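Sequential numbering from 1 along the given sequence is applied to the chain's residues. Predicted, not measured: the structure shown is a model, and the values here were computed from it.
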Amino acid sequence: SPLFEKTKPFVRIFFNLLPKKLQRLKMNMRTLKIRYKLLLIYAIKNQRLIFSISLVMILISLFLVFSLKQEYIDPLDTGEIRANIELETGTHLEATNLIILKIEDIFRQFSQVERVSSKVEKWHADIYIKLKGAKFRKESASTMIEEFKKKTDPLKDAFVYYIEAGAGDETRELDIEFIGDETNTLKKFAKEASGLIGKIQGIQQVALRFREGKDELSLDLKHEKASLSGISATEFGSTLKTAIQGSIPTKYLDEGREVDIKVRFREDDRRQLLQVLDYQIIGRESSIFVNSLVNQSEGEGESKIYRKNKRKVVSITAKLGDLDLGKAVKLVSEELNTIKFPPNYYYEFGGNFKKLNRNQIEMLLLIFLAFFLIYCILAALFESFTYPLIIILSIPFAISGVIIALFIFNLSLNISVYIGSVMLTGIVVNNAIILIEQFLREISKKVEIKKRTELIQLIITSCQDRL
């Protein structure tokens with residue numbers, strides 16, 4: 001066919017080059033086999049040296065494992081940052097929007113920022129910052145957060161908390177929960193703890209995960225006086241609700257649409273909280289002022305109450321910078337232990353630290369179970385208790401290499417490393433099984449081994465065949 005005629009020269013060239021490629025590959029394999037044999041001979045002649053080096057590597061890895069960074073998942077720099085803005089409780093939506101617009105302008109001043117978008121609510125907002133691609137900026141997302149903080153920390157009317165919106169970034173946060181009976185006491189301890197934690201080198205930010213209460217005017221109805229005036233508690237409450245919040249007595253139909261008609265007092269009558277005392281409630285015979293029907297008291301009411309196991313809890317979150325999760329927990333614990341908690345008040349770490357502990361415990365149990373099952377299967381396979389032990393002993397040497405590599409490249413011990421270690425264990429065991437099986441096959445061919453050199457030759461031959 002015409003297609004075959006066009007491709008025929010390329011096919012001829014390919015088949016002409018193929019023998020040369022195969023010949024070169026054979027030469028490389030022959031060279032590798034010779035060098036591998038020389039390495040085996042050296043290892044056999046210097047058994048004590050090789051054993052000592054291996055033992056030292058295992059001991060070093062056992063020492064280094066405690067100095068490795070511990071994370072749940074290593075975060076990725078996706079170039080996305082979320083800024084949580086908290087304003088004073090009760091800030092109006094329009095006032096919140098004006099503050100957020102000012103903060104957005106601050107972010108847009110940076111040339112590394114590609115896009116800024118926001119979601120604004122009453123006294124709270126989320127700003128989403130998209131950085132330019134890694135090719136167009138030298139700074140990482142973590143570095144950009146430090147630059148943003150220099151601009152936003154001086155703001156007096158807003159607190160900005162930054163989160164890298166990348167995969168696994170939630171592991172860069174440490175949650176501390178304070179548990180007790182009185183909310184105000186818990187808030188006091190949480191604020192004291194946030195001040196101590198914020199001074200730790202490597203902590204970027206500390207955010208309070210609770211709000212201060214709103215101003216509250218409590219009205220305790222004088223039931224006897226109210227009943228004499230013919231006013232019930234229900235009527236009293238509904239009248240005040242209508243005056244302040246409004247009620248909807250009816251709806252207005254406009255070309256198929258229903259429009260609520262809200263009835264409430266004029267805005268001038270609702271500007272100040274104490275104006276409520278001057279409202280009049282219609283009684284049986286006449287109107288009566290609210291202040292004559294109630295005992296008033298001013299205070300602070302909680303906007304939200306959090307509970308854990310039926311006990312009140314408030315929490316703070318520490319944004320980790322250069323610290324890993326394991327080291328951060330250690331340093332934070334040292335600071336929190338300086339606080340004297342009353343009886344029945346205590347703190348505990350939540351979120352990612354609990355996941356990290358749980359995963360470590362589960363991984364240790366799985367490793368123990370894997371060792372046991374592998375040994376049992378190999379003992380049944382080889383019909384011996386010695387050969388499986390040799391295979392199992394090859395695993396610590398592989399794991400020691402993993403730990404030393406993690407330390408050299410300053411990588412953390414996380415769930416990905418655990419999964420990779422399990423896979424590596426399977427590869428090492430598989431290699432050891434084939435190697436032992438090859439050795440047993442070679443030794444079965446010999447009727448009797450009289451000299452040590454014959455045994456060494458069998459070991460070298462088995463290893464070369466395995467390669």
### Query
Is the side chain of Gln205 donor-acceptor paired with the backbone N or O of Val160 at a distance under 3.5 Å, no angle test?
yes
### Task
Indicate yes or no for a side-chain donor-acceptor contact from Lys130 to the backbone of Ser117 under 3.5 Å, with no hydrogens or angles considered.
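Such a contact is absent between Lys130 side chain and Ser117 backbone.
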#### Entry: Cation-aromatic face contact Arg209/Tyr161, 6.0 Å, 45 degrees
yes
Looking at every non-hydrogen atom in both residues, tell me the closest pair between [X] and [Y] and how far apart they are.
X: Leu336; Y: Ile197; value: CD2-CD1, 4.2 Å
X: Ser400; Y: Met57; value: CB-O, 3.9 Å
X: Val313; Y: Glu177; value: CG2-CB, 3.9 Å
X: Ala398; Y: Val428; value: CB-CG2, 3.5 Å
X: Glu121; Y: Lys119; value: OE2-CE, 3.8 Å
X: Glu335; Y: Leu196; value: O-CD1, 3.8 Å

Side chains of [X] and [Y] only: does a donor on one sit below 3.5 Å from an acceptor on the other?
X: Thr152; Y: Tyr162; value: yes
X: Ser118; Y: Glu104; value: yes
X: Asp175; Y: Thr317; value: yes

Give the table of side-chain donor-acceptor pairs shorter than 3.5 Å for residues 381-394, with sequence neighbours excluded, one pair per line with atom names and distance.
{"unit_1": "Ser384", "atom_1": "OG", "unit_2": "Thr386", "atom_2": "N", "d": "3.1"}
{"unit_1": "Ser394", "atom_1": "OG", "unit_2": "Ile391", "atom_2": "O", "d": "2.5"}

Salt bridge check, [Y] against [X]: does any charged N sit closer than 4.0 Å to a carboxylate O?
X: Lys150; Y: Glu146; answer: no
X: Lys312; Y: Glu182; answer: no
X: Lys308; Y: Glu348; answer: yes

### Message
For the aromatic rings, using the six-membered ring if either is Trp, is the centroid distance between Tyr345 and Phe178 under 6.0 Å?
### Response
no
### Min side-chain heavy-atom separation Lys319-Ile203 under 4.5 Å
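Sidechains of Ile203 and Lys319: no contact.
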### Task
Flag the pair Ile99 / Leu87 as yes when at least one side-chain heavy-atom distance between them is below 4.5 Å, and no otherwise.
yes
Could you tabulate the donor-acceptor pairs under 3.5 Å formed by side-chain atoms of residues 432-441, not counting sequence neighbours?
{"unit_1": "Gln438", "atom_1": "OE1", "unit_2": "Arg441", "atom_2": "NH1", "d": "2.9"}
{"unit_1": "Gln438", "atom_1": "NE2", "unit_2": "Glu442", "atom_2": "OE2", "d": "3.4"}
{"unit_1": "Gln438", "atom_1": "NE2", "unit_2": "Asp465", "atom_2": "OD2", "d": "3.4"}

#### Entry: Pairs involving residues 183-215, ordered by first then second residue, that meet ring-ring contact (aromatic ring centres under 6.0 Å, His included) (sequence neighbours left out)
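Every ring-ring contact (aromatic ring centres under 6.0 Å, His included) pair that includes a residue of residues 183-215, provided the two are not neighbours, is Phe189-Phe341.
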### Message
Parallel, tilted or perpendicular: which one describes the rings of Tyr347 and Phe349, with boundaries at 30° and 60°?
### Response
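Ring orientation of Tyr347 relative to Phe349: perpendicular.
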